[in-house]
Amino acid sequence: MNLEGKRVLITGGTRGIGKCMVTELINRGATHLAIIARDKKRLKELTKNHPDINFIRVYGDVADITVLREAAARIEDKWGYLDILINNAGILSAGPLDELIDEELYDQIAVNFTAVLLLTKYSIPLLKAAKSGGILNISSGLGLLGTPFYAVYGSTKAGLKHFSDCMRRELAPHGIHVTCAYPTATDTDMMQKFVDRKMDSPAFVAVKSLEGLLNKELHVVFGGEEREKDIQLNFEHPEKFDVIVAANYENRKQSSENHKAL
Ligand SMILES: NC(=O)c1ccc[n+]([C@@H]2O[C@H](COP(=O)([O-])OP(=O)(O)OC[C@H]3O[C@@H](n4cnc5c(N)ncnc54)[C@H](OP(=O)(O)O)[C@@H]3O)[C@@H](O)[C@H]2O)c1
C-alpha cells in the first residue's frame with residue numbers, strides 16, 4: 001500500500017504516537033487527513049503547520065457517539081471515501097480494581113474499546129468505497145499479557161486484538177486489511193510519570209506500526225525477544241508466568257500508583 005494521495009482518519013493525532021503518525025503519513029505522501037481530538041487549540045496548531053494538507057478537524061471526545069458520526073459524515077460529504085482508519089486515541093487509569101474510580105473504569109472502556117468498534121463501523125462504507133484500504137488499531141503490550149493493576153486498561157487492549165482478528169477476516173473479501181500494534185512503554189504524555197525508565201520513542205512506534213499496516217502484517221509487537229518469550233510462556237504455561245509476576249508484586253503495585261492519562 002502506497003500513501004501517495006491517500007485519505008486517512010486518525011483519532012488522537014495531536015500528541016504522542018498519533019502526532020508522530022501524522023508527520024509520517026504526510027512525509028509518505030498522504031494528502032487528506034481527518035483528525036479527532038479534544039484539545040481544539042492543539043489540533044488547530046497542528047494543522048496550521050501543514051498548509052498543503054487537506055484537513056478535516058473534528059473537535060471532541062471519541063466516547064461521544066455524535067462526534068464519531070460527525071467525523072464519518074464530514075468525510076463522506078467532503079471526500080466520498082477513506083483509504084485508512086487509524087484507531088489510536090487511548091486513555092489509562094491504573095491501580096487495584098477495587099480502588100479504581102467507577103467513572104474511570106467506564107471511560108477507559110468507552111474510549112479504548114467502544115469508540116474503536118463504533119468508528120470502525122461508521123468507516124466501513126467509506127473504506128469499501130475506496131476499493132482497497134486498511135485499518136490500524138493501536139492496542140498495547142498490556143493487551144497481550146494480563147498484568148495486575150492494569151486489568152481494565154489491559155482488557156480494553158486485549159479486546160482490540162480480538163476485534164482486529166475478527167474484522168481482518170470479515171473485511172478480507174473487500175480488500176481491507178487490518179493490522180493491530182502492541183507498543184510497550186513509549187515516551188509520551190501517557191508515561192510522563194516514568195521519567196527515568198528506558199522507553200521507545202513515539203516516532204519509532206509510529207513508523208513501525210504504519211509500516212506494519214503498509215506491509216499487511218497482522219500484529220506488530222514491540223518489546224523485542226524478551227517480550228515475545230513472555231507472551232509465549234504466558235500462552236503455554238500461564239502458571240509459570242504467575243510466579244514471575246508474584247515475585248515483584250509490590251513493585252508493580254507501587255509503580256501503578258497514580259498512573260493516569262485521562
Ligand atoms: N505511551 C505508551 O507507553 C503506550 C504503550 C502502549 C500503548 N499505547 C497506546 O498508544 C495510543 C497512543 O498513546 P500515546 O502514548 O501517544 O498517548 P498520549 O500521548 O496521551 O496522546 C493521546 C492522544 O489521544 C487523544 N485523545 C485521548 N483521549 C481522547 C478522547 N477521549 N477523545 C479524542 N481524543 C483523545 C489526545 O488528544 P486530546 O487530549 O486533545 O483529546 C492525544 O492526541 C493509545 O491508544 C495508548 O493506549 C501507549
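One-based numbering, in listed order, for ligands and for the atoms of each.
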Next item on the list: Start with the C-alpha distance between R227 and T184, add both sets of side-chain angles, then the distance that settles side-chain hydrogen bond (donor to acceptor under 3.5 Å, both in side chains), and finish with yes or no.
Entry: CA-CA 9 Å; R227 176 54 62 114; T184 46; 5.6 Å; no

Checklist line | Stepwise side-chain contact (heavy atoms from CB on, under 4.5 Å) check, V111 with D61 | finding: CA-CA 8 Å; V111 172; D61 191 327; 4.1 Å; yes

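Below 30°, between 30° and 60°, or above 60°: for F204 and F222 the angle between ring planes is above 60°, a perpendicular geometry.
Shown here for S123 and L9, the closest heavy-atom pair between the two residues is OG-CD2, 3.9 Å.
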When the side chains of residues 153-163 are checked against the rest of the protein, which donor-acceptor pairs come out under 3.5 Å, sequence neighbours left out?
unit_1, atom_1, unit_2, atom_2, d
S155, OG, A151, O, 2.5
T156, OG1, N112, ND2, 3.3
T156, OG1, Y153, O, 2.6
K157, NZ, I138, O, 3.0
K161, NZ, D165, OD2, 3.2

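For the pair C20 and V205, the minimum side-chain heavy-atom distance is 4.5 Å or more.
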Report each N/O pair between ligand 1 and the protein that falls under 3.5 Å, naming both atoms.
unit_1, atom_1, unit_2, atom_2, d
ligand 1, 1 (N), T186, O, 3.3
ligand 1, 1 (N), T188, OG1, 3.1
ligand 1, 3 (O), T186, N, 2.8
ligand 1, 3 (O), T186, O, 3.4
ligand 1, 15 (O), T188, OG1, 2.5
ligand 1, 16 (O), I17, N, 2.8
ligand 1, 20 (O), R15, NH1, 3.4
ligand 1, 28 (N), R38, NH2, 3.1
ligand 1, 31 (N), D61, OD1, 2.8
ligand 1, 32 (N), V62, N, 3.0
ligand 1, 37 (O), T14, OG1, 3.3
ligand 1, 39 (O), R15, NH2, 2.6
ligand 1, 39 (O), R38, NH2, 3.0
ligand 1, 40 (O), R38, N, 3.3
ligand 1, 40 (O), D39, N, 2.8
ligand 1, 41 (O), R38, N, 2.8
ligand 1, 41 (O), R38, NE, 2.8
ligand 1, 43 (O), G12, O, 3.3
ligand 1, 43 (O), T14, N, 3.3
ligand 1, 43 (O), T14, OG1, 2.7
ligand 1, 43 (O), R15, N, 3.2
ligand 1, 45 (O), N88, O, 2.7
ligand 1, 45 (O), K157, NZ, 2.9
ligand 1, 47 (O), Y153, OH, 2.6
ligand 1, 47 (O), K157, NZ, 3.0

